[in-house]
Asker: 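Following this message is one structure expressed as structure tokens.
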Amino acid sequence: MTLLQLRYIVKIVECGSMNEASHELYISQPALSSSVKELENELGIEIFTRHSQGIALTVDGAEFLTYARQILDQTDLLEARYRQVRPRKQLCRVSTQHYMFAVEAFVEMINSIDSDEYEFTIRETRTRDIIDQVATLQSEIGIIYESDFNKRVLSKMLREKHLDFHPLFRADLHVFIARTNPLADRAMVTMKDLEPYPFLQYEQGEEGSFYFAEEAVWPDYSPKQITVSDRATMLNFIVGLNAYTVCTGIDNEDLNNEKIVSVPLESDESMLVGWIVNSRTKLSHAAELYLDKLRQVVSNHGYSLIEQGSGK
């Protein structure tokens, strides 16, 4: 086993495919595949499963990747200390539901990084994709929510994929509506009040279900319903179509408070927002820093943080 082979494994995971990794590493794909196969034979494990749609880490592969990254990090520190070689770029990948506070924390994390080089990724995407990306280590952290309605299904799926859910805060339900909406000045609204207005929801794909929906509740009857895939479109529709969506209620400057307001929604349901992580991995320094910034942002918005081990 060589350091070069460890770097190959890490690069393949980062790229998501053997073909793309071979281009990044400037070697042929057959040579890369052969090197990986030699390593698997030497260790007596299968690191990747191969199928028509690409490759995926096995359970043994996910554990091996954790050790490989630790070894490479230590090697980089040695080189930086004694050979004055620049350390590897700081990396952090986060997948999240469409939460503005998650993006706000990401900005705060990047602004606090003391590094000339870094490579960060944040994906606002579908719930199932978030879970899959953390399970396959395409992302270190995923931001999702649990509710009384979806908890059993999500918890089962997380267990099967060896993911841990860490509660962050609990939010009573709100709706985002246009400031010009007749309901904007209400202290609280009901789903019945909202019935005349278009209901907006985030698209969850062909395999999606109500258990993966980002909206914790839905109208019993909605004559006007629109499905969108990105947050900018959602906000534009709220203003342009006088529509609404169900949310945590946390906003920031991106929300444009002159045009959109958050109003409490009467409901027995709530959202337990938290972060998921692969149980077989150790978070990078940048990922730990992101979580610190995430806690700060949530706290600054007036929400009480849930201590580890409570709130489930």
Side-chain angles (χ1 to χ4, degrees), residues 93-108 110 120-134 138-139 141-145 147 149-150 171 173-184 186 189 191 193-265 267 269 271 273 275 294 297-298 301:
R93 293 182 174 89
V94 174
S95 296
T96 177
Q97 293 175 321
H98 297 77
Y99 298 134
M100 285 174 278
F101 62 84
V103 177
E104 184 180 349
F106 206 78
V107 172
E108 293 292 330
I110 294 175
F120 298 138
T121 302
I122 185 166
R123 305 179 180 94
E124 287 189 328
T125 188
R126 300 176 294 192
T127 304
R128 183 184 287 271
D129 289 343
I130 295 170
I131 294 171
D132 289 341
Q133 286 162 8
V134 177
Q138 295 178 58
S139 289
I141 296 169
I143 311 296
I144 62 174
Y145 82 92
S147 66
F149 176 76
N150 70 15
L173 301 190
H174 290 67
V175 293
F176 283 148
I177 57 177
R179 186 172 291 278
T180 56
N181 191 298
L183 304 176
R186 295 273 191 95
V189 297
M191 294 302 287
D193 296 331
L194 294 162
E195 192 173 288
Y197 306 100
F199 170 62
L200 302 176
Q201 63 180 358
Y202 283 110
E203 186 262 340
Q204 292 296 329
E206 294 180 359
E207 297 181 357
S209 71
F210 286 128
Y211 296 109
F212 298 110
E214 291 194 36
E215 302 76 31
V217 296
W218 316 270
D220 292 332
Y221 170 68
S222 179
K224 305 171 185 176
Q225 185 168 310
I226 304 172
T227 300
V228 303
S229 61
D230 67 277
R231 182 155 46 90
T233 300
M234 175 79 74
L235 298 180
N236 283 330
F237 282 178
I238 289 174
V239 175
L241 299 176
N242 213 12
Y244 75 95
T245 191
V246 178
C247 60
T248 63
I250 297 184
D251 57 19
N252 62 9
E253 293 87 7
D254 290 341
L255 187 60
N256 192 345
N257 290 341
E258 295 180 358
K259 296 182 178 181
I260 297 176
V261 296
S262 172
V263 179
L265 175 65
S267 175
E269 189 64 89
M271 300 170 68
V273 181
W275 53 280
L294 186 62
V297 166
V298 170
H301 280 287

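The figures here come from the full heavy-atom set of this structure, side chains too, leaving out hydrogens, waters and symmetry mates.
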Asker: For a 4.5 angstrom cut-off between non-hydrogen side-chain atoms, does Ile141 reach Val134?
Answerer: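 No; the side chains remain at least 4.5 Å from each other.
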
Asker: Contact between Ile260 and Leu235 at the side-chain level, heavy atoms closer than 4.5 Å - yes or no?
Answerer: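 Result yes, sub-4.5 Å side-chain heavy-atom pair found.
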
Asker: Go through Val94 and Thr121 one step at a time and tell me if the side chain to side chain contact (heavy atoms under 4.5 Å, CB included) criterion holds.
Answerer: CA-CA 6 Å; Val94 174; Thr121 302; over 6 Å; no

Asker: At what distance, to the nearest 0.5 angstrom, does CZ of Phe176 lie from CZ of Arg231?
Answerer: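 With rounding to 0.5 Å, CZ (Phe176) is 9.5 Å from CZ (Arg231).
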
Asker: What pair of heavy atoms forms the shortest contact from Ala184 to Ala178, and how long is it?
Answerer: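 Answer, listing the atom of Ala184 first, then Ala178: CB-O, 3.7 Å.
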
Asker: Any luck finding a side-chain donor-acceptor pair between Ser229 and Glu203 under 3.5 Å?
Answerer: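 There is no such pair (donor and acceptor under 3.5 Å, judged by atom type) between the side chains of Ser229 and Glu203.
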
Asker: Is there side-chain contact between Met191 and Leu265, with heavy atoms separated by less than 4.5 Å?
Answerer: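 Result yes, sub-4.5 Å side-chain heavy-atom pair found.
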
Asker: Can you name the side-chain contact (heavy atoms from CB on, under 4.5 Å) partners of Asn236, sequence neighbours left out?
Answerer: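 By the side-chain contact (heavy atoms from CB on, under 4.5 Å) rule, Asn236 matches no residue at all.
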
Asker: Is there a side-chain contact between Pro182 and Tyr197 (heavy atoms, below 4.5 Å)?
Answerer: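 Answer yes - side chains close enough.
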
Asker: Just jot down the ring-ring contact (aromatic ring centres under 6.0 Å, His included) partners of Phe106, sequence neighbours excluded, or say none.
Answerer: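 Counting only residues at least two positions away or on another chain, Phe106 forms a ring-ring contact (aromatic ring centres under 6.0 Å, His included) with Tyr290.
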
Asker: Could you measure the distance from the CD1 atom of Ile143 to the CD1 atom of Ile122? Nearest 0.5 Å is fine.
Answerer: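 Reported value, rounded in 0.5 Å steps: 8.0 Å.
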
Asker: Distance check, rounded to the nearest 0.5 Å: Asp132 atom CG versus Arg126 atom CZ?
Answerer: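 So the CG of Asp132 and the CZ of Arg126 are separated by 10.0 Å.
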
Asker: Can you give me every donor-acceptor pair (side chain of residues 237-250, partner residue at least two apart or in another chain, under 3.5 Å) with its distance?
Answerer:
{"residue": "Asn242", "atom": "OD1", "partner": "Asn181", "partner atom": "ND2", "Å": "3.3"}
{"residue": "Thr245", "atom": "OG1", "partner": "Leu200", "partner atom": "O", "Å": "3.0"}
{"residue": "Thr248", "atom": "OG1", "partner": "Ile250", "partner atom": "N", "Å": "3.2"}

Asker: Measuring from atom OG of Ser139 to atom CD of Gln133, what distance do you get when rounded to the nearest 0.5 angstrom?
Answerer: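 Those atoms lie 5.0 Å apart.
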
Asker: Under 3.5 Å, is there a donor on one side chain and an acceptor on the other for Thr96 and Arg123?
Answerer: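 Per modelled atom types, Thr96 and Arg123 side chains form no pair under 3.5 Å.
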
Asker: Tell me, do Ser147 and Met271 make a side-chain contact under 4.5 Å, heavy atoms counted?
Answerer: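 Result no, sub-4.5 Å side-chain heavy-atom pair not found.
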
Asker: Nearest 0.5 Å, what's the CD1-OG distance between Ile144 and Ser95?
Answerer: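 Ile144 atom CD1 to Ser95 atom OG measures 11.0 Å (nearest 0.5 Å).
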
Asker: Should Gln201 and Gln225 be marked as a side chain to side chain contact (heavy atoms under 4.5 Å, CB included) after you check the CA-CA gap, both sets of side-chain angles, and the distance that decides it?
Answerer: CA-CA 8 Å; Gln201 63 180 358; Gln225 185 168 310; 3.0 Å; yes

Asker: Excluding sequence neighbours, so at least two apart, what forms ring-ring contact (aromatic ring centres under 6.0 Å, His included) with Phe149?
Answerer: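 Applying ring-ring contact (aromatic ring centres under 6.0 Å, His included) to Phe149 gives Tyr211, Trp218.
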
Asker: Which residues pass the side-chain contact (heavy atoms from CB on, under 4.5 Å) test with Asp193, not counting sequence neighbours?
Answerer: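 Checked Asp193 against side-chain contact (heavy atoms from CB on, under 4.5 Å); matches are Leu183, Arg186, Val189, Thr190.
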
Asker: Apply side-chain contact (heavy atoms from CB on, under 4.5 Å) to Glu214 and list each qualifying residue two or more places apart in sequence or on a separate chain.
Answerer: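 Checked Glu214 against side-chain contact (heavy atoms from CB on, under 4.5 Å); matches are Gln97, His98, Thr127, Tyr202, Gln204.
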
Asker: Grab the two heavy atoms, one from Val217 and one from Phe199, that are nearest each other, plus how far apart they are.
Answerer: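 It is O-CZ, 4.3 Å.
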
Asker: Kindly compute the distance separating CD (Glu124) from CD1 (Ile130), expressed to the nearest 0.5 Å.
Answerer: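 If we round to the nearest 0.5 Å, Glu124:CD and Ile130:CD1 are 9.0 Å apart.
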
Asker: Considering only heavy atoms from C-beta outward, does the side chain of Val298 approach that of Phe101 to under 4.5 Å?
Answerer: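 The answer is yes, as the side chains (C-beta and beyond) meet within the 4.5 Å cut-off.
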
